[in-house]
Amino acid sequence: MTNEPAVSASNFIREAVEEDLRISRFDHVQTRFPPEPNGYLHIGHAKAICIDFGIAEAFGGKCNLRFDDTNPVKEETEYVDAIKEDIRWLGYDWGDQELFASDYFETLYGYAVELIKKGKAYVDDLSADQIKEYRGTLTEPGKESPYRNRSVEENLDIFDRMRRGEFPEGACVLRAKIDMAASNINMRDPTMYRILHASHHRTGSKWCIYPMYDFAHGQSDSMEGVTHSLCDLAYEDHRPLYNWFIEELGIFKTRQIEFARLNVTYTILSKRFLKQLVSENLVRGWDDPRMPTLCAMRRRGYPAQAIRNFIDQVGVAKNENLIDISLLEFNVRNLLNKTASRVLAVLNPIKVVITNYPKGQVEELEAVNNPEDPSAGTRTLQFSRELYIERDDFREVPPPKYFRLSPGREVRLRYGYIIKCEDFVKNQKTGEIEEIHCTYDPQTRGGYALDGRKVQGTIHWVSAVHAVEAEVRMYDRLFTIQNPNKVEEDKSYLDYVSPDSLKVLTGCRVEPSLANVKPGQQFQFERKGFFCVDLDTKPGQLIFNLTVPLRDTWAKIESK
RNA sequence: UGGGGCAUGGUGCAACGGCAGCACACCAGACUUUGGAUCUGAGGAUCUUGGUUCGAAUCCAGGUGCCCCAGCCA
């Protein structure tokens with residue numbers, strides 16, 4: 001792999017794996033990433049992916065991609081394809097090990113029969129409600145189902161008929177016979193199979209009984225020779241059951257290790273909630289750049305490597321965590337700073353007329369493409385009498401420490417000239433500044449003050465006649481509070497969706513070198529931020545996404 | 001009130017009986033033709049109470065707090 005490793009630092013999982021190898025519990029390392037194809041991957045999955053593939057890679061092992069597709073009513077091929085694309089984009093490769101739990105349905109069925117024969121599983125005719133009732137509570141033991149002691153023959157017969165479709169959904173389930181008084185509720189005769197007369201995205205109508213997660217996951221791991229099954233802390237309570245099935249079946253013993261899932265400030269990483277944002281049109285889709293999904297981050301211009309670096313820095317532990325989104329943004333900036341070409345783009349234009357500049361004259365000026373990377377070369381900028389600058393870069397009454405343009409003051413136009421504001425036109429009704437009149441100093445071509453005079457401010461600009469129009473989509477955090485997962489009792493995370501998360505700017509003016517860019521291309525709009533060309537861009541209709549803004553020291557000063 | 005898990009600066013992660021360190025964030029300064037980047041510096045943490053020890057974030061005991069578990073979801 002050519003990418004830098006994610007999860008490079010030592011952590012408790014690496015230590016555990018090292019120990020397993022040292023004591024010869026295993027002589028190699030095999031992991032797996034097991035998504036359920038019922039939604040799109042998000043930044044939380046990225047952590048799991050980096051850990052699963054990263055651990056394998058670190059120990060010279062392999063990582064399988066296995067779709068955990070045991071619930072046909074929720075799963076779709078569309079998601080399978082999207083998930084594969086996202087993992088590949090992150091930079092990981094599962095070789096030919098693209099596997100599906102549904103490929104194991106026949107084997108799993110055989111395992112179930114085996115357990116029935118051992119007297120370790122039975123068909124229960126209790127209704128879902130009754131099973132729930134019989135399960136007991138967190139503090140009281142459950143009680144045994146009246147069907148718990150059916151004969152092996154009867155169980156075998158009914159289970160076979162379940163498979164053949166003789167019963168409607170909910171009529172019965174196959175349960176493991178463990179211990180209804182177990183302190184761990186997962187051990188109170190968990191359901192192994194349920195009846196679902198649903199078409200499966202891969203097996204079609206071949207099956208009408210489907211294994212539950214607990215009866216599918218561990219055995220799938222085992223069949224694949226997975227040595228280390230790394231998963232969410234949520235499955236800690238399931239480990240005894242995971243081990244129980246493997247033990248009773250006498251199959252290859254894998255080791256499950258759990259780690260804390262990722263949480264990020266100002267965002268939500270629950271599939272259910274993300275689905276809701278999409279279905280209620282609070283965002284424009286799964287790949288809306290405000291979403292924490294990988295496809296959204298890709299569309300927004302977050303480099304995959306930046307995400308991997310972020311995951312690496314987040315670390316791996318068992319503590320519940322809430323990572324500051326600024327760490328992700330730092331990584332995005334850090335990477336883009338080295339790679340993105342600089343361009344001049346005016347997001348909120350106001351016209352500047354250089355009154356002493358000859359009408360009709362056009363000069364060509366040289367601009368550096370990337371000060372961080374001399375090999376990126378230079379390009380040419382057109383300068384003329386009428387320009388656009390950023391509305392923010394002019395103040396009729398400049399506040400203290402404001403270095404930009406204001407009446408009587410000088411400012412440098414990047415790569416251009418030093419200009420002085422002589423006058424401005426104000427709409428008397430609205431109070432809006434409509435035009436600024438300046439003079440330029442012809443001795444300062446390129447922006448150099450040969451007389452040594454100090455000009456504090458440098459602003460960006462475009463030539464009015466040469467500039468190209470564009471739409472720019474400015475994104476901000478989707479939620480107004482740090483942790484939308486924890487809200488006041490009578491509130492929902494939906495109450496905290498930010499009304500300002502998307503601002504569409506039209507009539508922006510960008511330098512002409514951007515006229516023919518392609519979706520996905522990334523740039524730094526100087527002094528503004530990193531932007532990328534959106535998928536919606538068509539010939540003659542430029543659309544940019546704000547990837548991440550530049551740090552804005554002035555905004556900080558001004559807000560004080 | 002059952003079971004499982006976790007407690008280190010604002011947020012994360014390290015330190016594995018021997019000077020509590022790193023990153024992000026925050027603050028101050030230098031530099032600057034991006035108020036970007038870069039550079040320098042500062043502040044700020046071991047949940048609590050006991051015990052073991054020459055020495056405890058680390059080991060032991062008791063408290064406290066937080067998270068997860070009662071799907072025919074994964």
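Sequence lines set the chain letters: A, B, ... in the order given, protein chains first and strands last, and positions in each chain run from 1.
- Between A:T139 and B:G2, a side-chain N or O to OP1/OP2 separation shorter than 4.0 Å is absent.
- An OP1 or OP2 oxygen of B:G4 is reached within less than 4.0 angstrom by no side-chain nitrogen or oxygen of A:K318.
- Residue A:N321 is the one, among A:I557 and A:N321, whose nearest nucleotide of RNA chain B lies closer to the 5' end (criterion: closest heavy atom).
- Within the nucleic acid shown, A:I131 comes within 4.0 Å of at least one base atom, counting heavy atoms only.
- The existence of a salt bridge linking A:R404 and A:D392 is excluded, since no basic side-chain nitrogen approaches an acidic carboxylate oxygen closer than 4.0 Å.
- Heavy atoms of A:T191 sit under 4.0 angstrom from primed sugar atoms or phosphate atoms, though from no base atom.
- Atom-to-atom, CD of A:Q313 to P of B:A23 comes out at 10 Å; the value is rounded to the nearest Å.
- For B:G71, the O4'-C1' to base torsion is within 90° of 0; the nucleotide is therefore syn.
- At a threshold of 4.0 angstrom between heavy atoms, the contacts of A:L138 include nucleobase atoms, whether or not backbone atoms are also involved.
- Nucleic acid contact class of A:K271 (heavy atoms, under 4.0 Å, all strands): none.
- Following rounding to the nearest Å, A:R412 (CZ) and B:U34 (P) show an atom-to-atom distance of 7 Å.
- Remark: the separation of the P atoms in B:U64 and B:U1 is 8 Å, to the nearest Å.
- Between A:N370 and A:Y193, the one whose closest nucleotide on RNA chain B sits nearer the 5' end is A:N370.
- Distance noted for atom C1' between B:G35 and B:G29: 15 Å (whole Å).
- For A:E15 against B:C16, a side-chain-to-base donor-acceptor contact under 3.5 Å is present.
- Base pairing analysis places B:C39 opposite B:G29; the two distances defining the Watson-Crick or G-U wobble pair are each below 3.5 Å.
- Rounded to the nearest Å, the gap between the C1' atom of B:C26 and that of B:U32 is 23 Å.
- Proximity of A:F525 to A:L347: side-chain heavy atoms (C-beta onward) are separated by under 4.5 Å at one or more points.
- Pair check for B:A20 finds none; no Watson-Crick or G-U wobble contact set falls under 3.5 Å.
- Under 4.0 angstrom from either OP1 or OP2 of B:G35 there lies at least one side-chain N or O belonging to A:R527.
- No engagement by A:R188 is indicated, since no non-hydrogen atom pair under 4.0 Å with the nucleic acid exists.
- Using a 4.0 Å cut-off between charged nitrogen and carboxylate oxygen, A:D20 and A:R255 count as a salt-bridge pair.
- Looking at A:E140, its side chain has no donor and acceptor atom pair within 3.5 Å of the base of B:U1.
- Looking at heavy-atom distances under 4.0 Å, A:Y235 makes contact with a base.
- Nucleic acid contact for A:P371: base, since at least one base atom lies under 4.0 Å from a heavy atom of the residue.
- With hydrogens and angles ignored, no donor-acceptor pair closer than 3.5 Å exists between the side chain of A:E526 and the base of B:G35.
- Both the sub-6.0 Å distance and the 45° axial angle are satisfied by A:R163 relative to the ring of A:Y109.
- Pair assignment for B:C73: none, as no Watson-Crick or G-U wobble contacts are both less than 3.5 Å.
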- Message: For a salt bridge (Lys or Arg N to Asp or Glu O under 4.0 Å) check, start with the C-alpha distance between A:K318 and A:E236, then their side-chain angles and the critical distance, and finish with the verdict.
- Response: CA-CA 11 Å; A:K318 299 185 78 158; A:E236 232 161 0; 2.8 Å; yes
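- B:C47 and B:U58 are spaced 8 Å apart, taking the P atom of each and rounding to whole Å.
- Look at A:E390 and A:R527 and you find no salt bridge, because none of the NZ, NE, NH1 or NH2 atoms lies under 4.0 Å from a carboxylate O.
- Residue contacts shown for A:D237 include a base, since a base heavy atom lies under 4.0 Å away.
- For A:N71, the side-chain atoms get nearest to B:A74 when compared with the rest of B:G71, B:A74, B:A25.
- For B:C72, one of the phosphate oxygens OP1 or OP2 lies less than 4.0 angstrom from a side-chain nitrogen or oxygen of A:R135.
- Here B:G35 is the nucleotide among B:A74, B:G12, B:G35 with the atom lying nearest to any side-chain atom of A:K401.
- The side chain of A:E372 has B:G36 as its nearest neighbour among B:G36, B:G2, B:C67.
- Distances were taken from every side-chain heavy atom of A:E320 (C-beta onward) to each of B:G35, B:C67, B:C69; the shortest belongs to B:C67.
- Contact annotation: A:K528 does not reach the phosphate of B:U34 (side-chain N/O to OP1 or OP2, under 4.0 Å).
- Annotation: cation-pi pair A:R150/A:Y122 absent, no NZ/CZ under 6.0 Å from the ring centroid and within 45° of its normal.
- Using a 4.5 Å heavy-atom cutoff, the side chains of A:I481 and A:Y266 are not in contact.
- In this structure, of B:A14, B:U34, B:C24, it is B:U34 that holds the atom nearest to the side chain of A:L550.
- Under 4.0 angstrom from either OP1 or OP2 of B:A7 there lies at least one side-chain N or O belonging to A:N319.
- With both ends at atom P, the span from B:G62 to B:G4 equals 14 Å, rounded to whole Å.
- The separation of B:G17 from B:G51, taken at their P atoms, amounts to 23 Å, rounded to a whole angstrom.
- If you check every strand for non-hydrogen atoms under 4.0 Å, A:V314 touches sugar and phosphate atoms only.
- Neither OP1 nor OP2 of B:G4 sits under 4.0 Å from any side-chain N or O of A:R239.
- Side-chain contact check for A:F544 versus A:L514: some heavy-atom pair is nearer than 4.5 Å.
- Within the structure, every side-chain polar atom (N or O) of A:T265 is placed at least 4.0 Å from both OP1 and OP2 of B:U11.
- Nucleic acid contact for A:Q524: base, since at least one base atom lies under 4.0 Å from a heavy atom of the residue.
- Nucleotide B:G65: paired with B:C6 (Watson-Crick or G-U wobble, both distances less than 3.5 Å).
- Across all strands shown, B:A57 remains unpaired; no Watson-Crick or G-U wobble contact has both distances below 3.5 Å.
- Distances were taken from every side-chain heavy atom of A:L327 (C-beta onward) to each of B:G36, B:G71, B:C24; the shortest belongs to B:C24.
- To the nearest 0.5 Å, atom CG of residue A:L241 and atom CG of residue A:D214 are 4.5 Å apart.
- Across B:C54 and B:G12, the matching C1' atoms stand 35 Å from one another, rounded to whole Å.
- Taking atom C1' in both B:U46 and B:A57, one finds a spacing of 5 Å when rounded to whole Å.
- For A:K132, the side-chain atoms get nearest to B:G71 when compared with the rest of B:G71, B:C69, B:A37.
- Rounded to whole Å, atom C1' of B:G4 lies 11 Å from atom NE2 of A:H238.
- In this structure, CD of A:E258 is placed 9 Å from P of B:G5, rounded to the nearest angstrom.
- The CG-C1' distance, from A:L262 to B:U11, rounds to 12 Å in whole Å.
- An OP1 or OP2 oxygen of B:C73 is reached within less than 4.0 angstrom by no side-chain nitrogen or oxygen of A:T70.
- Interface remark: the A:R194 side chain does not form any donor-acceptor pair with the B:G71 base, using a distance-only criterion of under 3.5 Å.
- Here A:Y213 does not pack flat against the base of B:A74, since the 5.5 angstrom centre distance and 30 degree tilt limits are not both met.
- Judged by Watson-Crick or G-U wobble contacts below 3.5 Å, the nucleotide B:G44 has no partner.
- A:A128 comes within 4.0 angstrom of a base, heavy atoms only.
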